[in-house]
K.L.:
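Sending over a structure as structure tokens; questions will come in a sec.
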Amino acid sequence: MLRLVIAEDAVLLRAGLVELLTRGGHEVVAAVGDADALAAAVDVDRPDVVVTDVRMPPGFRDEGLRAALDLRERHPGLPVLVLSQYVATPYATRLLGAAGAQRAGLGYLLKDRVGEVSEFLDALRRVAAGETVIDPEVVRVLLRQQSADRPLARLTPREREVLGLVAEGLNNQTVGARLSITEASVVKHCGNIFMKLDLDPVEGNRRVLAVLAHLADLRGE
């Protein structure tokens with residue numbers, strides 16, 4: 001069971017998240033509707049995970065994201081799962097880029113993913129366990145936006161498939177299962193990818209952060 005603080009200004013969605021997470025066996029210790037209330041709830045309740053919308057009152061721009069970044073500064077190791085209505089890759093790269101040396105769980109999902117209950121709960125579990133989870137659609141947008149003269153053009157179609165799954169935060173075994181190839185083949189593809197993109201072949205969470213930071217650099221963000 002996880003203890004969670006939820007921040008979502010839409011009353012119906014907030015209530016739906018509380019119901020979903022409670023039915024999933026977790027405890028929602030606070031459910032709030034703005035960034036200030038989120039910060040106060042985390043300071044008081046010290047949850048295991050924070051789930052927050054990107055855009056919240058009063059400006060409905062990036063208040064939730066900024067609150068999440070501030071909370072990670074004040075509470076090192078706090079896992080955060082950020083929800084977004086639309087694919088906004090700058091938000092994802094800001095969240096991950098600000099992680100710095102911290103390796104606590106981070107997630108960035110589209111709100112549509114909440115409707116896929118098992119996937120959403122699995123993403124929450126992975127974030128709580130310290131993993132990085134990025135919505136597949138966000139990864140696809142990042143990959144599509146690379147022009148032909150960029151370094152990603154050096155990758156084979158299979159390597160691009162592997163890179164996309166790695167960027168979602170999946171481990172080698174899961175990538176292999178998704179693509180129906182052996183784990184050894186995934187390791188080989190990853191080695192080729194990191195070599196072609198001039199990235200260090202680091203493992204785990206750092207690997208995801210490195211990939212996404214590289215994709216952000218390619219987009220000039």
Side-chain angles (χ1 to χ4, degrees), residues 1-100 102-117 119-135 137-138 141 169 212 216 221:
M1 182 185 74
L2 298 171
R3 298 176 66 256
L4 302 112
V5 167
I6 296 173
E8 167 59 56
D9 65 283
V11 176
L12 288 179
L13 179 55
R14 186 166 70 238
L17 284 168
V18 172
E19 176 70 14
L20 185 157
L21 293 168
T22 301
R23 286 180 176 272
H26 304 299
E27 179 186 1
V28 179
V29 296
V32 301
D34 61 70
D36 290 340
L38 167 61
V42 171
D43 289 340
V44 171
D45 296 306
R46 299 299 177 96
D48 299 316
V49 187
V50 167
V51 179
T52 181
D53 189 8
V54 169
R55 300 181 179 184
M56 298 205 312
F60 293 97
R61 292 186 293 274
D62 62 352
E63 288 84 352
L65 176 64
R66 285 189 283 110
L69 297 178
D70 181 64
L71 285 169
R72 283 180 60 83
E73 288 290 327
R74 297 193 348 245
H75 301 280
L78 176 67
V80 174
L81 176 58
V82 174
L83 302 178
S84 179
Q85 185 69 44
Y86 309 104
V87 176
T89 51
Y91 291 150
T93 52
R94 278 176 60 192
L95 179 68
L96 294 164
Q102 293 186 29
R103 300 304 174 195
L106 283 168
Y108 184 87
L109 294 180
L110 298 182
K111 288 185 178 180
D112 287 347
R113 204 68 58 189
V114 175
E116 300 168 5
V117 176
E119 290 187 22
F120 175 68
L121 293 177
D122 180 65
L124 182 67
R125 176 193 59 78
R126 291 172 57 199
V127 169
E131 298 182 31
T132 301
V133 179
I134 306 299
D135 196 283
E137 184 58 28
V138 175
V141 169
L212 290 170
E221 293 176 354

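The figures that follow rest on heavy atoms only: side chains count, while hydrogens, waters and symmetry mates do not.
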K.L.:
Does the side chain of Leu83 come within less than 4.5 Å of Phe120's, by heavy atoms?
P.N.:
yes
K.L.:
Knowing that exactly one of Leu4, Val29, Val28 qualifies, which makes a side chain to side chain contact (heavy atoms under 4.5 Å, CB included) with Asp45?
P.N.:
Val29
K.L.:
Closer than 3.5 angstrom, by distance alone: can the side chain of Asp62 be matched with the main-chain N or O of Leu65 as a donor-acceptor pair?
P.N.:
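Answer holds: no.
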K.L.:
Would you call Glu8-Arg14 a salt bridge at under 4.0 Å N-O?
P.N.:
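No.
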K.L.:
Starting at CZ of Arg126, measure out to CG of Leu121 and round the result to the nearest 0.5 Å.
P.N.:
13.0 Å
K.L.:
Check whether any side-chain heavy atom of Arg72 lies under 4.5 Å from a side-chain heavy atom of Leu106, and answer yes or no.
P.N.:
yes
K.L.:
Less than 4.5 Å apart, side chain to side chain, heavy atoms only: is that true for Asp122 and Arg125?
P.N.:
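The answer is yes; the side chains approach within 4.5 Å.
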K.L.:
Got Leu21 and Leu124 here, is their nearest side-chain heavy-atom distance under 4.5 Å?
P.N.:
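Yes, their side chains come closer than 4.5 Å.
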K.L.:
For Glu27, check salt bridge (Lys or Arg N to Asp or Glu O under 4.0 Å) against everything at least two apart and list the hits.
P.N.:
none
K.L.:
How close do Ala39 and Leu71 get, counting heavy atoms only, and between which atoms?
P.N.:
CA-CD2, 4.1 Å
K.L.:
Kindly indicate whether the side chain of Leu109, heavy atoms from C-beta on, has any atom under 4.5 Å from the side chain of Leu81.
P.N.:
yes
K.L.:
What heavy-atom pair brings Val127 and Pro79 nearest, and what distance separates the two atoms?
P.N.:
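So the two residues come closest at O-CB, 3.6 Å.
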K.L.:
Quick one: does any side-chain atom of Asp135 pair with a main-chain N or O of Glu137 as donor and acceptor, under 3.5 Å?
P.N.:
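Yes, Asp135 side chain to Glu137 backbone: donor-acceptor pair under 3.5 Å.
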K.L.:
For a quick test of reading the model, state the closest non-hydrogen atom pair linking Pro47 to Leu78 and the distance between them.
P.N.:
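So the two residues come closest at O-CD1, 3.8 Å.
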K.L.:
For the atom pair CG (Leu20) and CD1 (Ile6), what is the distance rounded to the nearest 0.5 Å?
P.N.:
9.0 Å
K.L.:
Anything under 3.5 Å between a donor and an acceptor, one on a side chain of residues 48-60, the other on a protein residue two or more places apart or in another chain? List them.
P.N.:
from: Asp48; atom 1: OD2; to: Arg3; atom 2: N; distance (Å): 2.7
from: Asp53; atom 1: OD1; to: Lys111; atom 2: NZ; distance (Å): 3.4
from: Asp53; atom 1: OD2; to: Lys111; atom 2: NZ; distance (Å): 3.0

K.L.:
Examine distances only and state if a side-chain atom of His26 and a backbone atom of Met1 form a donor-acceptor pair shorter than 3.5 Å.
P.N.:
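Looks like no, no N/O pair under 3.5 Å.
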K.L.:
Should Val114 and Leu17 count as side-chain neighbours, where that means a heavy-atom distance under 4.5 Å?
P.N.:
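In contact.
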K.L.:
Which residues satisfy the side chain to side chain donor-acceptor pair (under 3.5 Å) test with Arg74, sequence neighbours excluded?
P.N.:
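By the side chain to side chain donor-acceptor pair (under 3.5 Å) rule, Arg74 matches Asp43, Asp70.
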